[in-house]
Peer 1: 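First the structure, which I've put down as structure tokens, then a few questions once you've had a look.
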There are 2 protein chains.
Amino acid sequence: MPIAKPVRRKRPGHYHHGDLRRALIDTALRVIEEDGLAAVTTRALARRLGVSHAAPAHHFRDREALFVEVATEGFQAFVNALESAAATAASDPNARLCAIGLAYVRFAIEHPAHVRVMFGGGLREGVRWPPALKRESERAYRVLVDTATAARASTGAPSGSVQDLAFGGWSLVHGMAMLWIDGPARQTYATPAQFEAAAARLIASMFCCSERPAAKD
Amino acid sequence: MPIAKPVRRKRPGHYHHGDLRRALIDTALRVIEEDGLAAVTTRALARRLGVSHAAPAHHFRDREALFVEVATEGFQAFVNALESAAATAASDPNARLCAIGLAYVRFAIEHPAHVRVMFGGGLREGVRWPPALKRESERAYRVLVDTATAARASTGAPSGSVQDLAFGGWSLVHGMAMLWIDGPARQTYATPAQFEAAAARLIASMFCCSERPAAKD
DNA sequence: TGTCAATCTTGACGATGACAAGACTGGAGG
DNA sequence: CCTCCAGTCTTGTCATCGTCAAGATTGACA
């Protein structure tokens, strides 16, 4: 968990908190995991941190700005996860594609709160996606498209255009991630490990036909 | 659009609205499409309908109850769409599976507001899924699993268990639907028609291996 | 016509996001 | 050591929201 960090309450009697901005973000993530997006209120965060109700406003213009920051950090970590997965995978483009897909799902398992904000409507309501956020999210998609292009070029990939291949793969892993985070997938796969294994099988069967584990029926 | 209906404002001077309950649901859907989930407030709906701010409370205990009702209606329409797609499809189980998947995506295209409430965190925050809602959503999944089972039995379906086949298919169509509703897919496919066509291709390449143009490996 | 349950209104309360104005803190420069 | 000041936080306030309680209006039925 490279992202989570200890959250420090203000030392009572001390006027300054130390790093309220950081603490607000971390606490928001914690609250999202515990009680959902709707439970994130600036006042609740302030209470948790032992700080006045208006203190958060000095670090984030409004509630939306906090979510934008969370999403931006999330996308940065997300891109890193995808890229490092691609880098450490075998040189075979199809294997890289599988690695990226699995990294996508794994990120959702490990950072559900970030994903909720990034995709789950945490933003998008008041909607202004600032440039930094937009750039990071597009970078994430480009990693996928580039690898898909390479895979398509190197092997006789599954049918369809590169566009379809990339979007289809994206949809598969995105769907798996969402169904896990929102709950439904937990009824089919009880533990994260089981779910991740299933994800690996499904990704393999979509991308890397050659590596598909022997049909076990 | 079998769901949308005209929304009637209260005739001024008349004390009763006529069918405020229905109007609240329909107006909520309209607001969601126009301004997102967060814009749905009981007071705003009341204003739109020319009714006092507390009137909605007599039809839905709280905001959550309204969303529950919207979701329940959504799942009913959803199940109907899936089942009727399966019924009208060719008798080949694989073709039926494709038809169901495409119906899933098409439902999302045609009823984005419902889907936002059903899957997009409209509920699940305050969370109590009442039995009626739970039952409908499980019915939807069962349609998919049953057809997948039949497909698996009849043909040498793709590798893996029925569980994986059903969940993989679900993930693919769910992912496509979400990426369309949340926006990202619109950058790849400009119009609903283009998107739907791509969905059909991807679904076919996942489910109906026999119909896949290029054999893999 | 009289009654009554359903429906809607008015008024109020606590909580939230946001704004304004003032108080505290710690470091830079005299 | 003292003073000043930008950054940080607090207090106080407002409009809006969801929710509750109590009362007013309506239409249907006896």
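Below, each value reflects all heavy atoms present in this structure, side chains not excepted, and no hydrogens, waters or symmetry copies. Letters A, B, ... mirror the listed sequences (proteins, then strands); counts begin at 1.
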Peer 1: Show your working on side chain to side chain contact (heavy atoms under 4.5 Å, CB included) between Gln163(A) and Val145(A) and close with a plain yes or no.
Peer 2: CA-CA 8 Å; Gln163(A) 231 183 19; Val145(A) 172; over 6 Å; no

Peer 1: Is the ring centre of His174(A) less than 6.0 Å from the ring centre of Phe119(A)?
Peer 2: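 Ring centres of Phe119(A) and His174(A) closer than 6.0 Å.
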
Peer 1: Rounded to the Å, how far apart are Leu45(A) CG and dA15(C) C1'?
Peer 2: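 Leu45(A) atom CG is separated from dA15(C) atom C1' by 15 Å.
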
Peer 1: Mind calculating the distance between CZ (Arg61(A)) and P (dT8(D)) to the nearest angstrom?
Peer 2: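 These atoms are roughly 16 Å apart.
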
Peer 1: Considering just the side-chain nitrogens and oxygens of Thr42(B), establish if one lies under 4.0 Å of OP1 or OP2 belonging to dG18(D).
Peer 2: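 Checking Thr42(B) against dG18(D): at least one side-chain N or O falls below 4.0 Å of OP1 or OP2.
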
Peer 1: Classify the ring geometry of His114(B) against Phe107(B): parallel below 30°, tilted from 30° to 60°, perpendicular beyond 60°.
Peer 2: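 The arrangement is tilted - the two ring planes meet at 30° to 60°.
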
Peer 1: Measure from the side chain of Val51(A), starting at C-beta and using heavy atoms only, and say which of dG11(C), dA22(D), dT10(D) lies closest.
Peer 2: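 Of all the options, the side chain of Val51(A) is nearest to dT10(D).
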
Peer 1: Please state how far atom CZ in Arg22(A) lies from atom P in dT8(D), giving the value in whole angstrom units.
Peer 2: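 Distance, rounded to whole Å: 15 Å.
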
Peer 1: dT16(D) phosphate, OP1 or OP2: any side-chain N/O from Arg47(B) under 4.0 angstrom?
Peer 2: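 False: Arg47(B) side-chain N/O out of range (4.0 Å or more) of dT16(D) OP1/OP2.
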
Peer 1: Heavy atoms only, 4.0 Å cut-off, all strands: where does His59(B) land among base, sugar-phosphate and nothing?
Peer 2: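 Sugar-phosphate only.
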
Peer 1: With distance as the sole criterion, do the side chain of His53(B) and the base of dT16(D) form a donor-acceptor contact below 3.5 Å?
Peer 2: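 No such pair is found, so the answer is no.
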
Peer 1: Measure the distance from NE2 on His58(A) to P on dG22(C) and round it to the nearest whole Å.
Peer 2: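 So the NE2-P distance, His58(A) to dG22(C), works out to 14 Å.
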
Peer 1: Would a 4.5 Å heavy-atom cut-off, applied to side chains only, mark Pro112(B) and Trp180(B) as touching?
Peer 2: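 Counting from C-beta outward, Pro112(B) and Trp180(B) never come under 4.5 Å.
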
Peer 1: Enumerate, in order of first residue number, the stems that involve DNA chain D, defined as 3 or more consecutive Watson-Crick or G-U wobble pairs with both distances under 3.5 Å.
Peer 2: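 Consecutive-pair runs (3 or more) involving DNA chain D: C:1-30 with D:1-30.
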
Peer 1: Among all residues two or more places apart in sequence or in another chain, which pass the salt bridge (charged side-chain N to carboxylate O under 4.0 Å, His left out) test with Glu83(B)?
Peer 2: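 For Glu83(B), the residues satisfying salt bridge (charged side-chain N to carboxylate O under 4.0 Å, His left out) (neighbours in sequence not counted) are Arg139(B).
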
Peer 1: Rounded to whole Å, how long is the line connecting atom CG of Leu24(B) with atom P of dG18(D)?
Peer 2: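 My rounded result for the distance is 12 Å.
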
Peer 1: Return the 5'-most residue of the pair Leu20(B), Arg43(B) with respect to DNA chain C, ranking by each residue's nearest nucleotide.
Peer 2: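 It is Leu20(B), whose closest nucleotide lies nearer the 5' terminus.
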
Peer 1: Side chain of Arg63(B): nearest nucleotide among dG18(D), dC8(C), dC9(D)?
Peer 2: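 Minimum distance to the Arg63(B) side chain belongs to dG18(D).
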
Peer 1: Can you tell me how far P of dC19(C) sits from CG of Asp62(A), to the nearest Å?
Peer 2: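 It works out to 8 Å between those atoms.
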
Peer 1: Please state how far atom CG in Asp19(B) lies from atom P in dG27(D), giving the value in whole angstrom units.
Peer 2: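 In whole Å, dG27(D) P and Asp19(B) CG are 16 Å from each other.
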
Peer 1: What I want to find out is whether Glu69(A) reaches Arg63(A) closely enough, with some N-O distance under 4.0 Å, to be called a salt bridge.
Peer 2: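 Salt bridge flag = no for Arg63(A) with Glu69(A).
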
Peer 1: Any Lys/Arg nitrogen of Asp26(B) or Arg22(B) sitting under 4.0 Å from an Asp/Glu carboxylate oxygen of the other?
Peer 2: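 Salt bridge flag = yes for Arg22(B) with Asp26(B).
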
Peer 1: Measuring from the side chain of Ala54(A) (C-beta onward, heavy atoms only), which nucleotide among dC8(C), dT16(C), dA20(C) has the closest atom?
Peer 2: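 Closest nucleotide among those given: dA20(C).
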
Peer 1: Just how far, in rounded Å, is P of dG17(C) from CG of Leu37(A)?
Peer 2: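 Result: 13 Å.
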
